[in-house]
Amino acid sequence: MSEVKSATDEDVMNNAKQYITKSESLAIIAHARDYAAAHHAGQKRKSGEPYMVHLTNVAYILTTLHVGPRTIAAGYLHDVIEDTGVTKEELAAEFDPEIAELVEAVTKVGTLKYKGKNDPEYQAENHRKIFIAMAHDVRVILIKLADRLHNMRTLKYQPAEAQQRISAETLDVYAPIAHRLGISSIKNELEDLAFYYLDREEYYRIAHLVETKKTERDASIQKMISEISEMLTEHNIQFRIFGRSKHLYSIYHKMVVRHKRFDEILDLLAIRIVTKSELNCYEILGYIHAKYKPIPGRLKDYIAVPKQNMYQSLHTTIIGDEGKIFEVQIRTEEMDEIAERGVAAHWRYKEGTKYDPRTEQKEIEDKLSWFRDFARNSVEDENQTASEYMATLQKDVFDAEVFVMTPKGRVIDLPQGATPIDFAYRIHTDVGHTTVGAIVNDAMVPLNTELHTGDVVQIKTLKGTGPSEDWLKFVKTNQARNKIRAYFAKKETEKRQQLTEQGEKILSDELKKRGFDPKEYMQKKKIEDILSQFSVTTYTDFMYNIATKIIIPVNAVEKLTNQKRPINQEETVEKLLAKEAPKKKVMTKTGIVIPGIETMKITLAQCCHPVYGDEIIGYVTKGAGVKVHRADCPNVKGQDARLINVAWEDEDAERMYDSELIIIAHDRSFLLTDCVTAVSQTRAPMIKVTADVNREKLLSTIRMTIQVKDVDQLTNVMANIRKVESVISCERAAH
Ligand code: MN
């Protein structure tokens, strides 16, 4: 394990001065340095060194990424909130709000303890935090990476358990993020350090094998470098050329994951040529291919089609003298910097330009399409649970293996087995939802076709269409799956919402029809009071059940209003006033009016014989006007659509109503006579009477139709009958 030299505050300043010249900018860094030193004074790291050493090194690593002065300052200050109790507000006052926010964001990321890849809580929460921080301000992640890198460099002072845990987290979380951001310098070092702690034996085995063949490899590379240099100098091209070594973890990874033999990897001799312009790159490639035999299918043009992490370069594999195989990378200085520092290179601090984090954040998002997609999706989906989010992240971002392209050359990375539907949802949610067809490499394909790296995919959409539930059977990305599910969940919610509103309207109409003021009764609180009587638990369920006819509106009105049925006088008056007609007293035959309607044939139902004062309801017949029933008449139950609100007019002493009574009694002599006498005592005229005797049970059933003035008189009659000896019951008929 070769150790990286610890940096000093002087190193930080020297590095910073290479690209920061303004004295006020350098002063910010110095101020942060002194502030950190003062606040962490006396604190020590596990190594026994002053805590400040860590902060200095984090700041130093940040300068190698060419970040701006505030980011370097935040590097110095990144632990003051957590470890010294300084508040964000104090930092904002001492420095500026931007620095304070950076430090606070760094503090917030990754305070959870990593318990391993299989700890879903950690995974989900911490990744989410990291990505949200990144989506907000990528500088937070740069500081976090620098912090982690220095912690990894000094991991030997930690106890064994912490070494394992921190290394695992580095490999699972931080290295992939560094890779995704294209910061290969940090990614490679993090991987090798983690590899060392996680599998020391394997680490040393590979290190040893690399070492033993080194002299031989170096000689071959040197020879090739001289040959190429000579050739390029002849053609007057400016260039730098050097051999490069793969880092140990990448060798290990290729062996384990790609099942390559050790010598297959090690025998690959790698050379890099860095030149001035893009044109030079292609020129150099041409000269090299003219002189050496290229291996077919190995030419990769990442200049024309950059990788997702912005990486650009030409890659080719050639056969040199003695049959040795060389991997050659050709790129410009700028591309080389991006290859090493990724986002940080693109985003490098440019003095004198107006610095705006938001503009740069947007620029990064434009460059890193995966990042933009992901950031957008992670912000969009507030309802996504932490573990869903994690699954999406793991599957869609870290495990991406298939690289396909839009017709315009934008590269989309997808997991193995992904389909055009996954692709479509990656482009945009709306594209996914309205997909009707897919063209892959100029041919129309089924939507469940598996995509392969290099495929050019074009999606056909049709406005107004929606996803199919069948898609769930074959999509591979969680993003697509979640979007499709969300679509159907939303549809369901909308349908429910619609039915709820429909239910509200039905109930409101019903109330109106019965002369109640909907405003008074259509209150959530009042509705909630009667929910239990209908075996539902929520207001929404109640309305939904009304709309779907599970709850009968008339029943709901009864419960809601406690059967009180006032005459809808207001409405009647309104009608009359509207017609500017004087209110005339029109005595109808039945004594019943329909609020708001003046000319309508009204008759009393013969089944239940309502009498004045009864709770009544009108039934709109087909062609025979309105038949008025008692509200509880079984014949109108469930006929809501035809029911209409009716009301009694003022009482008229002359008017009489038929009422049919059913009397059940133990049979005896003079029973019928006694019953008739009881009725006549109340002065109610009797129209009809019949009697039946059940010989077996000795029960007598008497049916009589009498005339009464109102419900009070009827009640009186019935009470009188019930007093007759051997009478069991006396009820009004309803048949
Ligand atoms: Mn730290």
Side-chain angles (χ1 to χ4, degrees), residues 3-9 11-12 15 29 31-65 67 70-88 90-91 95 99-114 122 126-127 129-130 133-134 137-159 162-163 165-175 177-178 181 183 186-187 189-190 193-194 197 344:
E3 274 188 45
V4 178
K5 200 179 142 276
S6 186
T8 63
D9 287 327
D11 294 332
V12 176
N15 243 13
I29 301 172
H31 184 190
R33 175 197 65 206
D34 298 341
Y35 188 88
H39 281 80
H40 287 282
Q43 292 179 6
K44 290 221 177 338
R45 297 204 96 210
K46 286 238 163 64
S47 60
E49 289 176 313
Y51 198 83
M52 189 60 190
V53 172
H54 169 62
L55 306 170
T56 303
N57 276 281
V58 169
Y60 180 78
I61 294 164
L62 287 167
T63 63
T64 67
L65 296 175
V67 301
R70 284 188 171 73
T71 317
I72 300 171
Y76 267 122
L77 299 168
H78 79 269
D79 280 329
V80 289
I81 290 183
E82 201 178 339
D83 293 344
T84 76
V86 168
T87 65
K88 182 190 172 188
E90 284 166 358
L91 275 184
F95 295 90
I99 290 177
E101 251 162 56
L102 276 174
V103 174
E104 194 202 27
V106 172
T107 309
K108 276 186 184 164
V109 173
T111 46
L112 283 171
K113 220 178 181 196
Y114 187 69
Y122 167 84
N126 212 31
H127 275 90
K129 278 187 187 171
I130 288 172
M134 194 151 81
D137 190 339
V138 84
R139 293 175 299 172
V140 173
I141 301 308
L142 298 183
I143 297 168
K144 207 64 206 161
L145 285 172
D147 179 35
R148 177 51 57 114
L149 182 56
H150 185 250
N151 285 338
M152 285 302 292
R153 282 177 183 172
T154 53
L155 201 60
K156 64 178 172 188
Y157 302 108
Q158 293 286 343
Q163 287 178 351
R165 173 170 50 79
I166 294 168
S167 294
E169 186 187 38
T170 298
L171 212 50
D172 294 341
V173 182
Y174 289 94
I177 287 172
L181 293 175
I183 313 171
I186 287 185
K187 176 212 154 216
E189 195 182 339
L190 285 177
L193 285 161
Y197 287 103

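Since the model is a prediction, treat every value here as computed from it, not as a measurement. Order of appearance sets the numbers: ligands from 1, and atoms from 1 within every ligand. What you see below is based on every heavy atom in this structure, not just the backbone, and it leaves out hydrogens, waters and symmetry mates.
Here 4 is the count of protein N, O or S atoms positioned under 2.8 Å from the Mn ion (ligand 1), waters not counted.
The shortest heavy-atom contact between Leu155 and Gln163 is O-NE2, 3.2 Å. Here the closest heavy-atom approach between residue Ser6 and residue Val53 is recorded as OG-CG1, 3.6 Å.
Asn15 places no side-chain N or O within donor-acceptor distance of the main-chain N or O of Asp11, the cut-off being under 3.5 Å.
Inspection of the Asp147 and His78 side chains reveals an N or O donor paired with an N or O acceptor under 3.5 Å.
For the pair Leu145 and Leu149, the minimum side-chain heavy-atom distance is 4.5 Å or more.
Atom OH of Tyr35 and atom CG of Leu91 lie 5.0 Å apart (nearest 0.5 Å).
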